[in-house]
Amino acid sequence: MAKKTNPFALAQAQFDHVAEQMNLDPSVRQILRWPLREFRFQIPVRMDDGSIQVFFGFRVQHNDSRGPCKGGIRFAANETIDTVRALATWMTWKCAVADIPLGGGKGGVVVDPATLSTGEKERLCRGWVDQMWRNIGPRMDVPAPDVGTNAQMMGWMMDEYSKLVGEYTPGVITGKPLGSGGSQGRTEATGFGVIVTVREAMKHLRMDSRGTTAAIQGFGNVAQWAAIHFIEMLGGKVVSVSCWDRHDRTAYTFTKEEGIDPYYLQKITDIYGTIDKDQAVRAGYTVEDGDAWLTKDVDVLIPAAIEDVLTEETAPKVSDRVKIIAEGANGPSTLEADEVFKQRGIFVIPDFLCNAGGVTCSYFEQVQNDMNYYWPREEVLTKLDAKMTNAFKGVLEMAREHDLYMRDAAYWVAIRRVETAMRLRGWI
Ligand code: NAD
């Protein structure tokens, strides 16, 4: 079993590498290497059997020079402060690269949400807000959903915050349900944005998107919509998706060479992103081991599940046919994997550029909350397409100008924007 990379060590190593390359001012470097603020707290929850269970919660605010911190809340059994720090740091770069006026934050709770009843989940969500409400807010720090959390949970959190501050405050949190301050298009925004960046990468590489093939890791929110838009926007074919099987406690890859049907698979996938194996087999899918997706002979690989999957060990198994790796997940590739991709000339769309569609749509949601006026889905997706396309082009231009790997170029763009904001505010 390969040693797991500490995600915050990875985030800092990526930053150090680029800070060196850019010859970044040492004071800027000191500020940006670590989060500005960290909160760790207990959340006592009354369980259905009457007992009290204590959960551990986090919120990390990495940088707010460009605007209020922004970032999701993860409910995961293996959540750690370092995972949250890394994700908060990547949120700073993500908001900056997408050029939205927000900073970076992230939160979490150490819990497997699948073990909780609906009532226990609601009390845990409200408990998280009870601990954090003084330090979040539409002008301070705006949470959102992430792995293990969903729109309903955001609705409960918004309600708890509104009760505590004494007024309806939809802008405190994004990813809310439609009809309760949510935005059209938010559910599909991240997967949609991933495919916009793939489309732009294909134009740059002079590939005809029609008939191209992809394999995807995961079948949760990001992966499902990436699969749908890969097929519908690009005219491509997705041959494999994978998922974590909660019951067998292992990962599987589901393959159909003639192309998966994402709408059918959605129907047999639970809310945690586990595909029903038996039904999939009956529908003609081949079930392979969890890593099989990354060895497929396809044009595009889309890791869209978890971090630390493309490593020194797995990166060499990527097929020679792969031209693009679109990082839908946060932190899927290690530094060693990057070296393999650089040597092989694979075009990598780095995570905080590739999956910025979610936070960009969250920003649109906040804007709509502020105006109390809501846009139709088409308008949201058109605006999102424009933002993602511009973000991609900005990074590509930086890469060309300085002959940089795309991840490094994305860091250059983001760090320069954050540095400028800090200078203009007189922090340095
Ligand atoms: P999700 O919980 O909806 O889905 C996660 C999926 O990954 C599930 O299908 C699960 O079965 C699968 N998975 C877990 N472990 C796996 C493994 N070992 N092998 C194969 N599959 C596995 O989560 P999501 O919202 O789709 O997020 C996925 C990734 O995208 C995360 O890294 C998240 O931080 C990132 N992200 C999400 C958003 C968003 O808007 N949801 C935005 C930006 C980035």
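Whatever order the structure lists ligands and atoms in, that order sets their numbers, starting from 1.
Ring planes of Trp93 and Phe15: parallel class, angle under 30° (limits at 30 and 60°). Classification of the Phe392-Phe347 ring pair by plane angle, with boundaries at 30° and 60°, yields tilted.
Using a 4.0 Å cut-off to heavy atoms of Lys94, the atoms of ligand 1 that qualify are 43 (C). Near Ile306, meaning under 4.0 Å from any of its heavy atoms, are these atoms of ligand 1: 14 (C), 15 (N), 17 (C), 18 (N). The atoms of ligand 1 that sit less than 4.0 Å from any heavy atom of Gly328 are 30 (O), 35 (C), 44 (C). Listed by atom number, the atoms of ligand 1 under 4.0 Å from Ser242 heavy atoms are 20 (C), 21 (N). Within the listing of ligand 1, atoms 31 (C), 32 (O), 33 (C), 34 (O) sit less than 4.0 angstrom from a heavy atom of Arg74.
Considering only non-hydrogen protein atoms, atom 19 (N) of ligand 1 sits nearest to Gln217 NE2, 3.3 Å. In terms of protein heavy atoms, atom 35 (C) of ligand 1 is closest to Asn330 ND2, 3.7 Å. Annotation: atom 2 (O) of ligand 1 to nearest protein heavy atom, Val147 CG1, 3.8 Å. For atom 40 (O) of ligand 1, the closest non-hydrogen atom of the protein is Thr190 OG1, 2.7 Å. Protein heavy atom nearest atom 3 (O) of ligand 1, with residue, atom name and distance: Asn221 N, 3.0 Å. Atom 29 (C) of ligand 1 has Ala305 O, 3.3 Å as its closest protein atom, hydrogens excluded (heavy atom only). The protein non-hydrogen atom at the shortest distance from atom 6 (C) of ligand 1 is Gly220 N, 3.7 Å.
Ion pairing of Arg126 with Glu122 is present here, as a side-chain N (NZ or NE/NH1/NH2) and a carboxylate O approach within less than 4.0 Å. One finds no salt bridge joining Glu120 and Arg46 here, because no Lys/Arg side-chain nitrogen approaches an Asp/Glu carboxylate oxygen to under 4.0 Å. Between Lys277 and Asp248 there is a salt bridge, with a side-chain nitrogen of the basic residue lying less than 4.0 Å from a carboxylate oxygen of the acidic one. Residues Arg321 and Asp297 are not paired through a salt bridge, judged by the lack of any N-O separation under 4.0 Å between the basic side chain and the carboxylate. Ionic pairing of Glu200 and Lys203 is present here: one or more N-O contacts between side-chain nitrogen and carboxylate oxygen are shorter than 4.0 angstrom. Ion pair Arg66/Asp99 flagged as a salt bridge, since at least one NZ, NE, NH1 or NH2 atom sits closer than 4.0 Å to an Asp/Glu carboxylate oxygen.
Nearest residue to atom 13 (N) of ligand 1 from Trp244, Trp225, Tyr252, Phe219 is Trp244 (criterion: closest heavy atom).
Heavy-atom separations between Ala304 and ligand 1 include at least one value shorter than 4.0 Å. For the ligand labelled ligand 1, residue Arg186 lies inside the 4.0 Å heavy-atom shell.
The shortest N or O to N or O distance between Val222 and ligand 1 is below 3.5 Å.
Between the side chain of Lys342 and the main chain of Tyr405, no donor-acceptor pair closer than 3.5 Å is present.
Counting heavy atoms under 4.0 Å from ligand 1, residue Ala251 touches it through the side chain alone. Under 4.0 Å from ligand 1, not a single heavy atom of Asp351 appears.
For Phe254 and Phe219, the ring centers are positioned 6.0 Å apart or more.
The minimum heavy-atom distance between Ala144 and Lys70, with the atom names listed, is CB-NZ, 3.6 Å.
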